[in-house]
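One structure below.
Counting convention: from 1, in listed order, for ligands and their atoms alike. As a basis for the values below, the full set of heavy atoms in this structure was taken, side chains included, without hydrogen atoms, waters or symmetry mates. We number each residue from 1, following the sequence as shown.
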Amino acid sequence: MEGQTLSLAAHLRDEQKKNPKITNGLISLLGEMASASKAISRDVNRAGLVGILGLANKVNVQGEEVKKLDEYSNEIVRAQMSKSGQVCIMASEEVDNSMPVDEGCEGPYTIAFDPLDGSSNIDVNVSIGTIFSIHHKISPGTKGTDDDLLQPGNKQVCAGYVLYGSSTMLVYTAGSGVHGFTLDQGVGEFYLSHPNMQIKPKGDIYSINEGNYLYWDKNTQKYIDYLKAEDKATKRPYKARYVGSLVADFHRTLIYGGLFLYPMDYKDPQKPKGKLRLLYEAAPMAYVVQQAGGYASTGFEAILDIKPTGLHQRVPLIIGSVEDVKQAEKFIQRKA
Ligand code: AHM
Ligand code: MG
């Protein structure tokens with residue numbers, strides 16, 4: 001970390017000089033999000049230990065009830081955002097309805113978050129993450145309504161994620177590039193380690209749950225078959241990588257290039273649909289990738305252009321290097 005001594009707060013104050021979206025309020029809000037993620041990071045790191053201590057009757061040595069890590073993370077983020085003084089209304093993957101903030105703490109922003117994404121990896125010590133998306137409140141004269149949360153991704157003020165991996169990283173954009181910070185566990189501070197992150201225009205890695213092949217439409221199947229066919233000029237066959245945690249798969253895609261796909265599938269033949277949620281999974285990642293020079297699509301339209309209709313709406317997601325995602329779109333839009 002020698003030479004990398006710019007803390008998140010110091011970096012944000014620098015960025016504030018050139019980016020009017022970075023208000024003092026947003027700096028404060030991101031500081032609260034960083035603080036929540038440090039608490040989650042600590043608990044992710046000792047999850048196994050806490051689980052063992054809590055096994056007997058679900059009560060830990062302090063006499064507190066042991067909660068599942070995703071519920072616990074939700075409580076941490078909710079409480080921290082609620083008291084930040086910057087947010088008026090919140091949505092979380094863990095909660096069905098929107099959540100108002102504490103009385104008297106209302107602020108100018110909304111936040112949608114997935115407190116601990118990658119639930120299938122929580123119990124097996126594999127990377128998981130937190131994702132967040134921040135908008136301006138738009139409804140005057142209210143304390144914040146669902147309409148304030150249901151804004152398209154292209155209206156985001158700020159978005160990002162925290163990856164709890166071999167190190168803990170916070171990556172964000174507020175419309176002036178993508179910047180990554182690594183948590184120095186000893187100091188308890190995020191330091192700038194990845195300034196101005198850019199994604200390659202084309203990569204040679206694809207990331208998809210191929211166990212769903214049977215449930216995809218023919219065009220999606222043909223695209224994945226294409227990526228696996230040999231052609232040295234286009235670096236095919238592509239390498240396959242799939243963690244099963246969006247944050248981890250996205251972070252690798254951002255750094256190495258290529259694309260991540262969770263396409264529409266026909267597991268329910270009557271209702272084909274994607275799995276990932278627009279508000280707090282697809283849209284924030286789409287903003288980050290756009291700011292890094294990449295692109296995110298459903299296969300038919302840009303993720304950032306979708307006007308949400310529900311807090312937990314699902315969308316197909318194809319995200320990564322712009323040439324790869326555009327090519328996937330071409331395959332997916334082919335007429336039979
Ligand atoms: P979750 O919010 O229940 O954790 O589900 C979201 C996760 C993503 O992190 C990941 O990209 C995807 O689900 C993996 O799904 P699958 O196990 O179907 O491959
Ligand atoms: Mg999730």
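- A donor-acceptor pair under 3.5 Å links the side-chain atoms of K137 to the main chain of S139, judged by distance alone.
- The protein atom (non-hydrogen) at minimum distance from atom 1 (P) of ligand 1 is S119 OG, 3.5 Å.
- Within the 4.0 Å heavy-atom criterion, the part of F260 lying near ligand 1 is the side chain and not the backbone.
- Counting only heavy atoms of the protein, atom 10 (C) of ligand 1 lies nearest to G244 O, 3.4 Å.
- Under 3.5 Å, the side chains of Y172 and H11 contain a donor-acceptor pair of N or O atoms.
- Ligand 1 has at least one atom lying under 4.0 Å from a heavy atom of S245.
- For CZ of F331, the number of neighbouring non-hydrogen atoms (other residues, nucleotides, ligands) closer than 6.0 Å is greater than 12.
- Here K232 pairs with E230 in a salt bridge; the nearest charged N to carboxylate O distance falls below 4.0 Å.
- In terms of N/O distances under 3.5 Å, ligand 1 is approached by Y242.
- Here the N, O or S atom of E93 that is nearest to the Mg ion (ligand 2) is OE1.
- For D114, the heavy-atom gap to ligand 1 drops under 4.0 angstrom.
- Of the listed residues (M285, E210, K275, E281), the one carrying the non-hydrogen atom nearest atom 17 (O) of ligand 1 is K275.
- Among pairs with a residue in residues 269-283, those fulfilling side-chain hydrogen bond (donor to acceptor under 3.5 Å, both in side chains) read Y280-H312, at least two apart in sequence or across chains.
- At the shortest separation from atom 18 (O) of ligand 1 among protein heavy atoms lies Y262 OH, 2.6 Å.
- Ranking protein heavy atoms by distance to atom 2 (O) of ligand 1, first place goes to E93 OE1, 2.8 Å.
- For atom 7 (C) of ligand 1, the nearest non-hydrogen atom from the set D117, D249, D70, L116 belongs to D117.
- Within 6.0 Å of the CG atom in N209, the count of heavy atoms belonging to other residues, nucleotides or ligands exceeds 12.
- When OE2 of E281 and OD2 of D114 are joined through the Mg ion (ligand 2), the resulting angle is 90° to the nearest 10°.
- Y226 and Q327 share a side-chain donor-acceptor pair at under 3.5 Å.
- When the shell of 6.0 Å around NZ of K155 is examined, it contains 12 or fewer heavy atoms from other residues, nucleotides or ligands.
- The proximity of R277 to ligand 1, defined as any non-hydrogen pair under 4.0 Å, does not occur for either the backbone or the side chain.
- The N/O atoms of G118, backbone and side chain alike, include one that comes under 3.5 Å of an N/O atom in ligand 1.
- At a threshold of 4.0 Å, the pair E71-R78 does not count as salt-bridged, since none of the basic side-chain nitrogens sits closer than that to a carboxylate oxygen.
- Residues P152 and L304 fail the side-chain proximity criterion, which asks for heavy atoms closer than 4.5 Å.
- For ligand 1, the atoms closer than 4.0 angstrom to any heavy atom of N209 are 16 (P), 18 (O), 19 (O).
- Taken from CD1 in I22 to SG in C158, the straight-line distance is 7.5 Å, to the nearest 0.5 Å.
- If you look at L246 next to ligand 1, the close heavy atoms, those under 4.0 Å, come from the backbone and the side chain alike.
- The minimum distance between the Mg ion (ligand 2) and any N, O or S atom of D117 involves atom OD1.
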